[in-house]
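Read through the structure below, which is laid out as structure tokens, and then see the notes.
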2 protein chains.
Amino acid sequence: MAKIIRVNMETKEINQEEAGIYKSYGARGFIARFLTNEVDPTCEPLGLYNKLIICTGLLGGTMISSSGRLSVGAKSPLTNGIKEASAGGTAANDLARHGIRAIIFERLPAADDKNTYVLVISEEGIKLEAMNELLHMGARNTITALRQKFGDKAGIICNGPAGEYMMRGAGIVCAAPRGEMRFAARGGLGAVMGSKRVKAVVIIPAVVSRLEYFDKAVFTEAAKEYHQMLVDAMPTIKKTNQLYGTTGMFKIVNELGLCPTRNFTLGAFDKHAEIGGEKLVELIKVRGGEGKTGQSCMNGCMIKCLSVFPDENGKEICSTVQYENLSLLGSNLCLGSLDSIARLNYKVNDLGLDTIETGAALGVAAEAGIAEFGNEESFMKLLNEIEAATPIGRVIGNGVKITGEVFGINDLPMSKGQAFAGYDPRALKGNGVTFAMSPMGGDHTAGNAYGARATVPPLACEGQGALSYKLQLQMAGLENLGFCMFARAYLFKKPELFTKFAYGICGDKMTVDEFWEQGRETARLEYEYNVKSGVSPAQDKLPEFMYRIPLPPNNTVFDLSNEEMQKGLVH
Amino acid sequence: MAKIIRVNMETKEINQEEAGIYKSYGARGFIARFLTNEVDPTCEPLGLYNKLIICTGLLGGTMISSSGRLSVGAKSPLTNGIKEASAGGTAANDLARHGIRAIIFERLPAADDKNTYVLVISEEGIKLEAMNELLHMGARNTITALRQKFGDKAGIICNGPAGEYMMRGAGIVCAAPRGEMRFAARGGLGAVMGSKRVKAVVIIPAVVSRLEYFDKAVFTEAAKEYHQMLVDAMPTIKKTNQLYGTTGMFKIVNELGLCPTRNFTLGAFDKHAEIGGEKLVELIKVRGGEGKTGQSCMNGCMIKCLSVFPDENGKEICSTVQYENLSLLGSNLCLGSLDSIARLNYKVNDLGLDTIETGAALGVAAEAGIAEFGNEESFMKLLNEIEAATPIGRVIGNGVKITGEVFGINDLPMSKGQAFAGYDPRALKGNGVTFAMSPMGGDHTAGNAYGARATVPPLACEGQGALSYKLQLQMAGLENLGFCMFARAYLFKKPELFTKFAYGICGDKMTVDEFWEQGRETARLEYEYNVKSGVSPAQDKLPEFMYRIPLPPNNTVFDLSNEEMQKGLVH
């Protein structure tokens, strides 16, 4: 059975136990149940009693394409409720091949223990090492330093300086094969890692996989079927995911008028053609050098959305510029240059910050007059302040809520204390339901209505609650297995595959309905956890300006009825 | 019947209505019911839908000693729940004599309306004037400017620059006869006033009082009896309240080891003799000049706790240095000089900030290394940053929670987002119950166990819940009438007086039990409001370090059982 590793940061004891009651749960499903069972919902997120969970999906360590995402969870210092965030990169597969489902960091180092710790997992065992030379080091350099020390195949999960400073905008980084930074971005989980003084987890790959299957024959058969589906879809995958990643969306999002622009005051950006996916791919091709598209961020992935955006000399600026970066760091800041966006994106990543939270905070900062819309330098200056941990830098690094509170800005693009992802709810109302009602706050990964725009029009006032509800269940189910969102379109054509995968690994026989029911139970547990932590239902709403100030060019406000909203509540 | 004035800050309409269903309620009793009826508990505290209530007690405008306190209330931007704070000064009596029980500021000025407004109440009527010359003016100068314009008898309620910047540590100022600043300090209500762009309310005294009595004969008889009680107690009053105000407590609080010292890490201060009440009175006497004790802050008050602390040349530094200032701005910052405390106190007052919230935030700032314990200049520098509204100043001005969050300090002396008043709950456990369980958060005025230390020992683990419960009811009852805490000791000897006063004004016949029941109902409504706003019961606790880190010199932690805590819940 898969193992859970517990690391007590106070005593430095490391213990292993069997997954036990958690054997059928991975990723978000594991985190919801583990926090419910073990972490007092009223505890202080950066205090002694919170626990940081690093967890693979059920399929981690298998070679199933796009199933090796790493989930991180804790009580969030940003929302004060439950939070799970996931990332690509190689570490989840590496952990699972060591037979490990989850690592739990518990307690805090003593007040006089100022060491910076790295947990090293190898064939020799698991140990905690003080590596104080990594203190406040940027994430990219941290990955490089750790791979120099532990080998260039080592799986790396690490924290940037923002998390070490316990800034609430900090995410947790998971390294891709060539050191590119992937992000378990949302909810300030890097600050929890920082509170425990854990700089990184290093996994030196197992020589032989210890991943156990309950029924390998069933699993392999399903795997073959899924593989064939992807092979069949490859012509499409090559033209879309492999080329554009998520950036292909930008053009349509902008056309639909739901693209966060100028601190969520506009829904479309006049310089959209300069920063869309087409321009991005064109520049990568023209500039050449280190620039590339179609790389995988984890072993076995056939979708390969990773890209590297180079500067004019062909030197890498940032990997991977995604849709959320184009909108939150681009249109939201009125930056009409991919070079500007890529430079800010790299810097935000290297600081270990969530680009969504930080982009939104920078937008509010510009609203407050301490940066200038359209001026890259003014935003880079603020990022340098974050790096230097100056007062103003600490404010921005703590995200949109604290930035607004400190600078007296009241209309903030967030719900439950967390910045909206790149979809203005006034023009994509289904995401308004997800942002308001889901336990994850302003997080599109909990149920993104964008993909369903053909069936439920973004501006419709009906059907949005039911849509969000369905998406929330699907995402919670999908994330139990460790699947990437990109796998969704293909897998949803044959959801029996989910149940076969789950059975093949852990032996649980499930119908497809039971599989979705498991997702529902995950979201329900999360919501219940939030209620006990004091987050909901008073906070099941959007910021007031969304109901009041029309968003151009559709000139719509968020106007769903309370009844419609309640349909989006998973309970 | 008393009147309610509604001022719509969006349309600038001013309407009057009869108190109606609120006729029997004043001050905190009025605010609890009004917010419950009219303000959505989930609204944004600095947004369009919050309402700022300025209200007299039932006895405002009578000449009953110490009954002219002014209450201010709103949904708090600091706690996100209900908040009432009260102040001395002359304005409540002035309002009541115009026949006004409450002023309600509703809505917000349009985004492009950048005026600074003053509401002027006189025999000619009530009007809203733009007085932009007052923008960001210190509170003391604002009082002076308004009295120059409207006469030196004018009642003044005003906001300092901190409130105008919408800093959450801001209180609302009510002027005493000679321009001294009294504070409705707690809960960030100055930020609500700032959000509505109201700089001040000026009340030019009514020529003839319009205060109505239901039965003046009963009222007068009770008034005479109360007056005689105070006359009989005058020898004691002169030796205590008139001489020391609240500062006489400092010595005992320090001896009991419950005096916040060095950011709530110690319970006693080695330089206590330098900053206690005895030293204060001695210096006032020796220095002479403008220094004085025994002044009243409102007409008719016989207790007269107002004092003026002068510098070595006899020039006023600050009026009135009180116990909370000695502890939060003194021992908590390790400042062993009354001159230092008085200078900081004046500056904090003039900025329009709550000294408790700000003192606690400065303590956390010192913990974070951006000021130095024992160094007045380092703290004054931060206050100057608040005045200049720099990023660091805005952080501190927003109070202890945001200061801690920004600077990565986790152990914060607060509950429900609001700083503790000057009593460490580990050594005065009854106040721990009040801070955790009362709807008012870390606010001693909701039920201060200090005075009951002879019957319930501060360190006892039993009896604290019941004590806090009783005190919470009493305070809520007392505050309905507008009585000062100093009146308590005398009035509680004959609580039938409360019922006679209430009957004399509004005609409600009540037994003493029914009078307390009204206080209970006030606290219950407040708690219910908080629950709906998402504040409780998850937040019915103290910060974790209080349960974990022993406080010298008693070396006790806060260790009341959950059962004991629940006894302090008013429901």
Side-chain angles (χ1 to χ4, degrees), chain A residues 40-49 77-78 80-81 108 111 164-168 191 194-195 365 368 370 385 389-399 401-412 416 530-541 543-545 547-549, chain B residues 40-49 77-78 80-81 108 111 164-168 191 194-195 365 368 370 385 389-399 401-412 416 530-541 543-545 547-549:
Chain A
D40 176 358
T42 73
C43 79
E44 293 170 9
L46 302 180
L48 195 61
Y49 306 110
L78 196 65
N80 213 34
L108 297 179
E164 294 180 276
Y165 291 124
M166 291 188 274
M167 294 176 186
R168 284 160 179 74
S195 74
I370 57 170
E385 300 269 358
T390 64
I392 197 170
R394 284 177 172 277
V395 170
I396 309 290
N398 267 294
K401 178 163 184 276
I402 287 185
T403 300
E405 288 178 343
V406 167
F407 289 105
I409 304 291
N410 209 38
D411 294 342
L412 300 175
K416 299 188 170 74
N530 277 358
V531 170
K532 286 184 190 156
S533 74
V535 173
S536 308
Q539 292 185 39
D540 287 349
K541 56 191 288 195
E544 288 170 5
F545 80 100
Y547 300 90
R548 200 159 43 81
I549 303 177
Chain B
D40 176 358
T42 73
C43 78
E44 293 170 8
L46 302 180
L48 196 61
Y49 306 110
L78 196 65
N80 213 34
L108 297 178
E164 294 180 276
Y165 291 123
M166 292 188 274
M167 294 177 186
R168 285 161 178 74
S195 74
I370 58 170
E385 300 269 358
T390 64
I392 197 170
R394 284 177 171 278
V395 171
I396 309 288
N398 267 294
K401 177 162 184 277
I402 288 186
T403 300
E405 287 177 345
V406 167
F407 289 104
I409 303 291
N410 209 37
D411 294 341
L412 301 175
K416 300 187 169 74
N530 277 358
V531 170
K532 286 182 189 156
S533 74
V535 174
S536 310
Q539 291 184 38
D540 287 348
K541 57 191 288 200
E544 288 170 4
F545 80 101
Y547 300 90
R548 200 160 41 84
I549 303 179

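Order of the sequence lines fixes the chain letters, A, B, ..., with proteins taken first and strands second; residue numbering starts at 1 for each chain.
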Pick one of side chain, backbone, both or neither for A:Pro77, based on which atoms fall under 4.5 Å of a heavy atom in chain B.
neither
Given heavy-atom pairs under 4.5 angstrom as the criterion, report whether the side chain, backbone, both or neither of A:Ile392 touches chain B.
both
What residues form a ring-ring contact (aromatic ring centres under 6.0 Å, His included) with B:Tyr49, not counting sequence neighbours?
none
Gap separating the CG atom of A:Asp411 from the CG atom of B:Leu46, nearest 0.5 angstrom
11.0 Å
Can you tell me which portion of A:Asn410 sits under 4.5 Å from chain B's heavy atoms? Options are side chain, backbone, both or neither.
both
List for me each residue that meets side-chain contact (heavy atoms from CB on, under 4.5 Å) alongside A:Asp540, sequence neighbours excluded, and say none if there are none.
A:Lys416, A:Met437, A:Tyr527, A:Ser536, A:Pro537, A:Leu569
Would you name the heavy atoms of B:Ile402 and A:Glu405 that are closest together and state the gap between them?
CD1-OE1, 3.2 Å
Taking C-beta and beyond as the side chain, do B:Lys541 and A:Asp40 meet within less than 4.5 Å on heavy atoms?
yes
Side-chain donor or acceptor of B:Glu544 paired with backbone N/O of A:Gly47 under 3.5 Å:
no
Taking side chain as everything from C-beta outward and backbone as N, CA, C, O, which of these in B:Ile370 sits under 4.5 Å from a heavy atom of chain A? Side chain, backbone, both or neither.
neither
Among B:Arg548, B:Arg168, B:Met166, B:Met167, which residue forms the greatest number of heavy-atom pairs with chain A at distances under 4.5 Å?
B:Arg168
Over all heavy atoms of both residues, which pair between A:Ala538 and B:Gly534 is shortest? Give the atoms and the distance, please.
CB-N, 3.6 Å
